[in-house]
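Note that this is a predicted model, so its numbers are computed, not measured. Lettering of chains follows the sequences in order, A, B, ..., and the numbering in each one begins at 1.
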Number of protein chains: 2
Amino acid sequence: MGRKTIDLKDAAEVFRDFYRAEGRMPSFTEIAEAFGYKSKNAAFELVEKLVDEGLLTKDARGRLRLASVGVRVLGTIQAGLPTTAEQDQMESVSLDSYLVEKPEETFLVKVQGDSMIDAGIHEGDMVLVERGRTAREGDIVVARVDGDWTLKTFERRAGQAVLVAANKRYPIIKPLNELTFGGVVIGVVRKY
Amino acid sequence: MGRKTIDLKDAAEVFRDFYRAEGRMPSFTEIAEAFGYKSKNAAFELVEKLVDEGLLTKDARGRLRLASVGVRVLGTIQAGLPTTAEQDQMESVSLDSYLVEKPEETFLVKVQGDSMIDAGIHEGDMVLVERGRTAREGDIVVARVDGDWTLKTFERRAGQAVLVAANKRYPIIKPLNELTFGGVVIGVVRKY
DNA sequence: ATTATTACTGAACGACCGTTCAGTTGTCAA
DNA sequence: TTGACAACTGAACGGTCGTTCAGTAATAAT
C-alpha cells in the first residue's frame with residue numbers, strides 16, 4: 001500500500017480547527033501544508049475520501065464546506081444518546097444563529113450575585129443581552145436604576161414600572177428618579 | 001454624486017446572512033449579484049468602505065472575513081451596555097467554540113421535567129451533552145438506570161455510584177442492575 | 001452652466017484555485 | 001519474488017479569484 005494511513009475522523013478535526021481559526025475552509029494548497037504533503041493532489045484525494053465518508057461537502061464550484069457546523073440536536077433524553085450510525089441524519093444547529101438574531105446588538109454578560117437564582121440564572125452564568133429591544137412585562141432586563149446597573153425582571157405594579165428579583169431575599173425595586181433599559185435578556189449560557 | 005447610497009450597516013448584514021447560509025464569505029462576483037451591480041469593481045469599492053468602517057476584514061490573500069463572528073463579551077454588568085464607539089475594541093466569541101470542544105461527540109438535548117431545577121436547569125432548557133467523557137463525582141450526567149434515561153448529578157454514597165436529583169422532591173436513585181453513562185453535561189443553553 | 005465628486009460599467013491582469021493525469025514509491029498478499 | 005494496490009509527487013489545464021485602470025453616468029456644489 002501507500003505510506004501512512006490517517007484516521008479520517010482526525011483529519012476532519014484538522015479541517016474544523018482551521019475553520020474555527022480562519023473563519024473559512026482551507027484551500028488544497030493549505031491542506032497539503034497542514035498534512036505535510038508536497039503535492040496538492042494528495043490533499044485532493046484525502047478530501048475525496050472525507051466527502052465519501054460524509055464528513056465534508058463540496059458546493060457547485062468545488063469549494064469545501066463542513067458537513068456539520070455547530071451541534072446536533074437530539075429530540076428528547078428518553079431515547080438515550082445516538083450511535084455513530086444514527087447521528088448522520090440528525091439536524092445540526094449553530095448555537096450562534098440559534099441564540100443570536102442581531103449579533104451587532106447582542107452582548108454576553110457575566111452574571112454576578114444570586115438575585116435571579118429562581119429564574120435559573122446563577123452566579124457565573126453568561127446572559128445574552130440584546131440592546132435596543134423594547135422590554136415587555138415579564139422580560140428579564142439589564143436596567144439602570146438611580147445610577148446602578150442591575151439584572152432583574154421587568155414588571156408593573158399599580159401602573160408603575162418596577163424591577164423584581166427572582167429571589168425572595170431581594171426587595172422589589174421601585175425607581176425613584178431614573179429607569180434606563182440597557183437591553184433585554186434573550187438567552188442564558190452556562191459552561192461547566 | 002453617484003446613483004444610490006446604501007447604509008453600510010445594512011450592507012454588512014447582507015454579508016452576515018450569506019456567511020450563515022453558505023458557511024463562507026461571498027466572492028466579489030457574488031457580492032455584485034447580491035447588490036445588483038453589473039461590475040465587480042462596484043462590489044470591490046463597497047467592500048473597501050466596509051473594511052474602512054471596520055465591519056469587514058481582509059486576510060493576506062485578500063479573502064474576506066467577518067469582523068465579528070459570534071457575540072461580543074462584556075466584562076460585568078456594572079458598566080452598563082457599551083455604545084457603538086466602545087464596542088469596536090471588544091473581544092468577540094463564537095458560542096459554538098466557547099461551549100463545544102468536540103462537535104462530533106456533543107449533542108443538544110431538550111430538558112423535560114424539573115428534577116434538576118436547583119442546579120438552574122429548567123424544563124425547556126437545552127443541555128449540551130458530550131458523549132464518551134468519563135463522569136466525575138458532582139458532574140451532571142445523562143445516564144441509563146435500569147432501562148430509563150435520566151438527567152441527574154453523579155455522586156457516590158458509601159462507595160456506591162448513585163444519581164441525585166437537584167430537587168428535594170426526588171429521591172436518590174441507586175441503580176439496581178444497570179448504570180450506563182450516555183454522556184456528561186458540559187453546558188446549558190436557554191432561549192427566551 | 002460648469003465643475004467636482006461619487007457611483008458605477010467594462011475590460012484586463014497575474015495569481016491562485018480546484019481538478020486531472022502520468023508517473024513514482026512504498027506496503028501488503030499471494 | 002512478484003504483482004496489485006494505495007499513497008503519494010510533480011506538472012499541467014482552464015477557471016475564477018482579487019485587483020487595477022480607464023471611462024461613463026448621475027448627483028451636488030459653485
Exercise. Take the protein atom CD1 of Ile31(B) and the nucleotide atom C1' of dT9(C), then report the distance between them rounded to whole Å.
Key: 17 Å
Exercise. In whole angstrom, give the distance that lies between atom CG of Leu50(A) and atom P of dA7(D).
Key: 12 Å
Quiz item: Below 4.5 Å, heavy atoms only, C-beta onward: do Met25(A) and Arg63(A) meet side chain to side chain?
Solution: no
Quiz prompt | Separation of atom CD in Glu33(B) from atom P in dT16(D), rounded to whole Å | solution = 12 Å
Quiz item: Expressed in angstrom and rounded to an integer, what is the separation of Lys38(B) atom NZ from dA11(C) atom P?
Solution: 12 Å
Quiz item: Do Asp114(A) and Glu123(A) have side chains that get closer than 4.5 Å, going by heavy atoms?
Solution: no
Quiz item: Expressed in angstrom and rounded to an integer, what is the separation of Leu46(B) atom CG from dT6(C) atom P?
Solution: 16 Å
Exercise. Go through Asp139(A) and Arg133(A) one step at a time and tell me if the salt bridge (charged side-chain N to carboxylate O under 4.0 Å, His left out) criterion holds.
Key: CA-CA 11 Å; Asp139(A) 282 353; Arg133(A) 180 188 283 217; over 6 Å; no
Quiz prompt | Between P of dA25(D) and OH of Tyr37(B), the distance in whole Å | solution = 19 Å
Exercise. To the nearest 0.5 Å, tell me how far Trp149(A) CH2 sits from Thr180(A) OG1.
Key: 6.0 Å
Quiz item: Could you walk me through whether Val188(A) and Val188(B) pass the side-chain contact (heavy atoms from CB on, under 4.5 Å) check?
Solution: CA-CA 8 Å; Val188(A) 181; Val188(B) 181; over 6 Å; no
Quiz item: How does protein reach along nucleotides 17-23 of chain D, written 5' to 3' as B (base within reach of a heavy atom under 4.0 Å), S (only sugar-phosphate), or - (no contact)?
Solution: BBBBB--
Quiz item: Ala161(B) and Pro175(B): which non-hydrogen atoms are nearest, and at how many Å?
Solution: O-CD, 3.2 Å
Quiz item: How long is the line joining CZ of Phe35(B) and P of dA7(C), in whole Å?
Solution: 14 Å
